[in-house]
Amino acid sequence: MKTATIHTLHRQTSDETFNVDRIRADFPILAQTVHGKPLVYLDNAATTQKPRAVIDAIRDVYECHYANVHRGVHTLSQRSTDLFEKAREKVRRFINAGHAHEVIFVRGTTEAINLVAQSYGRSNVSSGDEILITAMEHHSNIVPWQMLCEQTGAVLKVAPMNRRGELELDAFETLLNGRTKLVAVVHMSNALGTINPVQTVIDLAHRRGIPVLLDGAQGVPHLRVDVRALDCDFYAFSGHKLYGPSGIGVLYGKEALLNAMPPYQGGGDMIRQVRFDKTEYNVLPYKFEAGTPSIADAIGLGAAIDYVETIGIDTIAEYEHRLLSYAAQRAAHIPGLTPIGTARDKGAILSFTLERIHPHDIGTILDHLGIAIRAGHHCAMPVMEFYGVAATARASFAVYNTFQEIDVLMEGIQQVIEVFG
Amino acid sequence: MLDEIRDLYQEVVFDHNRNPRNFRVMDDATRKIDGFNPLCGDRITLYVRLKDGVIEDVSFQGQGCAISTASASIMTEVVRGLTEDEAHDLFQTFHRITTDQDHEIQLEELGKLAVLAGVRAYPARVKCATLAWHSLEAALKEDAETAVSTE
């Protein structure tokens, strides 16, 4: 899944295959100043910027091909439908799903998880059953299950993590039992950067016949994801964290599970035949895509996947890992800086606190230096509670970030410390 | 290099952040309220002792950014001895200067609070500055121990 760990701590490492300047030139938004300083965008775990190829693809749809999909006999409708379905096929290939109809277009990771909770959950979970998540989940992989538990009388169980922010696999395994109806685990934590041993998680659950959903919001942009190799039952991710548009995301589900599930929402496109006494639902994937989808955004997501594939997800993962190693190494030399989340297997996220300085103050001052980071609870309040902090500052990296930007960040943090003296 | 954010982070703000005034639990408070800013996780517990409609004493505890801590600290200094109505008027003045971009600020009418006027240039931080004030407003309105949120 993950590329080999490379401990290259020297920023000067030459790399003939990877030219970050060329990549930066693909992202028009990066070439600007903020408060008179060159923009250093390090809030990629929240959302990534868009390459020109994605922006152009969306413009091209609206300027040349746009009409509603799966309906008209006219030319534009056919063209839109072709582009839309081509994008679905690109997603299928990217995550190595077995069939394009196992790729359901949704608004994002959150909607994908809600879909599974309400459709799969409502029809398979009942009073006394258990849903198992982990202590490092994003709110979007907590709240939908709490809602399901309220509706059904099921119980939400939480597998613990250690102080490094690593899932405690033994405890996880002991929480699996005959009442467990679903396991929902984040692939890579947005607050900590932890990459979970999802293959082991899946194997342990499957040994007991329990299906597994992976929250891949951070996983897909940073790791090679092969849903068939993983054998996960559901995989959810968002387009906007993968250099694609917001408002489009994907739920992958195994065909047999999806076929057995009732629709999530009712409406147009998800039906085969409607009569007042009985409605026959459409086949996959349309059964789960009620209403006009986000057509141009789905096509934009396809363009984002093309873009990522021209660089190569493994190349991206390896480069980001070098960025993270360098950032972690430099951060370790800043007195008063405490990294939050030090898992041995970690993606490109540096979450930290500074002694006696609130993350919001860090965020505001860094912004004045042109540096965009996230300050807050990262929609993972239980994680903050675990570490006994109200919030953290988080720098998260993407393919277009540079070692020099990490230098700017570290100098900025030093300035924050000086200002607060 | 950071001169331009000195309008937000004035020395007075740093001073109150480092040494917040009236930062203590009040055992004989007549009102106690928990304020919460879910955006940044700031929490404040505000204690007020009211007697005959006058704020005899006010103190706070909590964890927050420099702006929210300084604002709470300064607030406890300026509202002590005020009547409930006077405190309410001051809340409205403070709210206006921190949120109303069009309003001409009369710094004189603000006294000590003027150091926080700079926050209006930072919409994302306004809630930090107003958390303590919203908590006070709620504390004066209600008798019960309730929670207030700036979201």
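Reckoned from all heavy atoms, side chains included, excluding hydrogens, waters and symmetry mates. The sequence lines fix the lettering, A, B, ..., with proteins before strands; numbering per chain opens at 1. Fair warning: this is a prediction, and the values are worked out from it, not measured in the lab.
Pairing each heavy atom of His360(A) with each of Arg125(B), the nearest pair is O-NH1, 3.1 Å.
Interface residue Met381(A): only side-chain heavy atoms are found under 4.5 Å from chain B. Proximity to chain A is limited to the side chain of Arg18(B), based on heavy atoms less than 4.5 angstrom apart.
Ile365(A) CD1 to Ile5(B) CD1: the interatomic distance, rounded to the nearest 0.5 Å, is 4.0 Å. The line from OG1 of Thr69(B) to CG of Asp361(A) is 8.0 Å long, rounded to the nearest 0.5 Å.
Within a 6.0 Å radius of CZ in Arg164(A), more than 12 heavy atoms belonging to other residues, nucleotides or ligands are found. Heavy-atom contacts from other residues, nucleotides or ligands closer than 6.0 Å to CD of Glu86(B) number more than 12. Other residues, nucleotides and ligands place more than 12 heavy atoms under 6.0 Å from the CZ atom of Arg21(B).
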* To do: Please step through side chain to side chain donor-acceptor pair (under 3.5 Å) for the pair Asp42(B) and His358(A), ending with a clear verdict.
  => CA-CA 9 Å; Asp42(B) 287 358; His358(A) 193 281; 2.8 Å; yes
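When ring centroids are compared, Tyr122(B) and His368(A) come within the 6.0 Å threshold.
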